Amino acid sequence: MSSGSVGHFQRREAAILIVDDAPANLELLRKLMSEQGYQTYVATSGERALAIAQRAHPDLILLDVLMPDMDGIETCRRLKQHPLTQGIPVLFMSAKTETEDVVAGFDCGAVDYISKPLRMAEVCARVRAQLQIRSNNETQQEQAERLRTIVNNMAEGLLIIEADGRIQYTNPACDQYLGYRENELAGRSIGELLSPLVTQEYLDYFTMHAANPEKAHNHGTREVAIRHRNGEALSMDLTLTPMYLRQPLYIGLLHDITHHKQSEDALQRAAYLDPLTQIANRRHFDSFLEKEWQRAVRGGGVLSLVVLDVDHFKLYNDSLGHPAGDSCLQQVAQAIASHAARPGDLAARYGGEEFVLLFADTDAEGALHLAAAIRAHIEALQLPHPRSITSPWITVSIGVATIRPHQLDDREALFVAADRALYVAKEGGRNQVRVTQSGSAAWETVKALVLR
């Protein structure tokens, strides 16, 4: 459809209310407007015009100023006071064209003023112009309302942020995510939601973008921790997009990834935990040892490795069954883990009934003390072992190795040393602790074995 046909369609659909107490003028204008394709209504008084306007909702009103009882000025004033008619454009028609008369017309809400005697071509032109303005305004209002509806019903949170970091607007989803009431965040700083470091990053970006919008890159999407109103930290993806109206503004879109992060953390925990005992598994322990080993090499620190076996565990399983064996290992694991309390400590199930512990920054004497406490703790559980030849209870044998690692040292040597100490503990009657320390003759023997 061409633009001309669209314009014709709009004119044919438009409705005009003509208000004039002179029948001749009324008929002339009615005929003219009908010929232009407009639907027409007519009224000879202000009261009648108000009633028709409220019922018919015309697109435009041609209103005579000089009428008995209620003149055009008062009629226009009442039209603008009523919610059903206040948005209808009013064109005054009058022979009174003094400045004060024209100003009075505009003051009461008229959009245009046509002088009498009427020039019909001018009337048609002014009517078309006002109808086009009304159509444009309605289109803009519809677009604004549509956009408002979209924003208010978005699943993502939306913030509009000013260049100084002040929040100008938040949509309902954002308020709901963060626990705020409507408009409660307006005027607050993003520093109330983000960490100081992230806040400063964004403020630096705002400054850079305001200084040179063309060269500033889009900040894109990043994962941030956003502070809920109750103080809880929420994991969110924040996408920031600059826009420039009368001032630099930035649209932030929030996507809640809290559940995703929880699932991700749960999967990560599952990958690092032994499913039976719920302490670290071998994979996690090896990774942790690598990290602590490198840290000790850089800082000249000392590491102690504790290796322990549950004594006569096969006999325990054979006599009491695997469910009892599983329960036993779970209780032993929790007892062991309770002694790995510092960030540089880790307890793990290394396989079967074998457990390991790593103690960072712990010398041989400290490691021996910890290992002795672990042995005593497990024996104090008093888990009955009817077929043990060592004790009526579940006990453990423990080997300890300590090293101050250097760049050329081998982690395998640490395990071999701890295993040799464990072997000595078993050979010595079990339920005891033995230690191998770097620098000793036993340690040198271990290194020689490893380097063959």
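Here, residue 1 is the first one in the sequence, and each next residue gets the next number. None of the values given here were measured: they were computed from a predicted structure.
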TODO: Given salt bridge (charged side-chain N to carboxylate O under 4.0 Å, His left out), test E353 with K314 step by step and report yes or no.
DONE: CA-CA 9 Å; E353 68 272 20; K314 184 177 185 305; over 6 Å; no

[X] vs [Y] side-chain heavy atoms within contact, under 4.5 Å:
X: Q130; Y: R126; result: no
X: L305; Y: L357; result: no
X: W293; Y: I403; result: yes
X: W393; Y: L381; result: no
X: T390; Y: Q432; result: no
X: I394; Y: C328; result: yes
X: D419; Y: E354; result: yes
X: M236; Y: E223; result: no

- [ ] Kindly assign one of parallel, tilted or perpendicular to the pair F106 and Y113, based on the angle between their ring planes and the thresholds 30° and 60°.
- [x]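 The arrangement is tilted - the two ring planes meet at 30° to 60°.
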
Open item on the list: Parallel, tilted or perpendicular: which one describes the rings of Y316 and F313, with boundaries at 30° and 60°?
Closed with: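 Y316 vs F313 ring planes: parallel.
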
[X] [atom1] to [Y] [atom2] distance, which is reported to the nearest 0.5 Å:
X: D204; Y: M208; atom1: CG; atom2: CE; result: 8.5 Å
X: T402; Y: L303; atom1: OG1; atom2: CG; result: 9.0 Å
X: Q168; Y: L159; atom1: CD; atom2: CG; result: 11.0 Å
X: E74; Y: L50; atom1: CD; atom2: CG; result: 9.0 Å
X: T199; Y: L193; atom1: OG1; atom2: CG; result: 8.0 Å
X: L17; Y: L62; atom1: CG; atom2: CG; result: 8.5 Å

Task: Stepwise ring-ring contact (aromatic ring centres under 6.0 Å, His included) check, Y177 with H228 - done: CA-CA 8 Å; Y177 278 163; H228 190 277; 9.9 Å; no

Open item on the list: Donor-acceptor check, side chain of N171 to backbone of L158, threshold 3.5 angstrom: yes or no?
Closed with: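 Between the backbone of L158 and the side chain of N171 there is a qualifying donor-acceptor contact (under 3.5 Å).
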
TODO: Begin with the C-alpha distance, continue with both residues' side-chain angles, and end with the deciding distance and a verdict on ring-ring contact (aromatic ring centres under 6.0 Å, His included) for Y350 and F355.
DONE: CA-CA 5 Å; Y350 216 61; F355 294 85; over 10 Å; no

Open item on the list: Just checking Y423: does its OH atom have more than 12 heavy atoms from other residues, nucleotides or ligands closer to it than 6.0 angstrom?
Closed with: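 No, the 6.0 Å shell around OH holds no more than 12 heavy atoms from other groups.
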
Open item on the list: Tell me whether Q176 at atom CD has more than 12 heavy atoms from other residues, nucleotides or ligands lying less than 6.0 Å away.
Closed with: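 Open: at most 12 neighbouring heavy atoms sit under 6.0 Å from CD of Q176.
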
Salt bridge flag under 4.0 Å for residues [X] and [Y]:
X: D175; Y: R229; answer: no
X: E427; Y: R434; answer: no
X: R188; Y: E192; answer: yes

TODO: Starting from the C-alpha separation in whole Å, work towards a yes-or-no answer on salt bridge (charged side-chain N to carboxylate O under 4.0 Å, His left out) for R222 and D237.
DONE: CA-CA 6 Å; R222 65 176 294 181; D237 274 345; over 6 Å; no

TODO: Starting from the C-alpha separation in whole Å, work towards a yes-or-no answer on side-chain hydrogen bond (donor to acceptor under 3.5 Å, both in side chains) for D311 and S397.
DONE: CA-CA 6 Å; D311 293 328; S397 298; 2.6 Å; yes

Open item on the list: Please identify which of these residues, L308, V396, T277, V356, meets the side-chain contact (heavy atoms from CB on, under 4.5 Å) condition with I336.
Closed with: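 Only match with I336 under side-chain contact (heavy atoms from CB on, under 4.5 Å): L308.
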
- [ ] For I88 and L79, run side-chain contact (heavy atoms from CB on, under 4.5 Å): C-alpha distance rounded to whole Å, both residues' side-chain angles, the deciding distance at 0.1 Å, then the answer.
- [x] CA-CA 8 Å; I88 303 173; L79 286 166; 5.7 Å; no

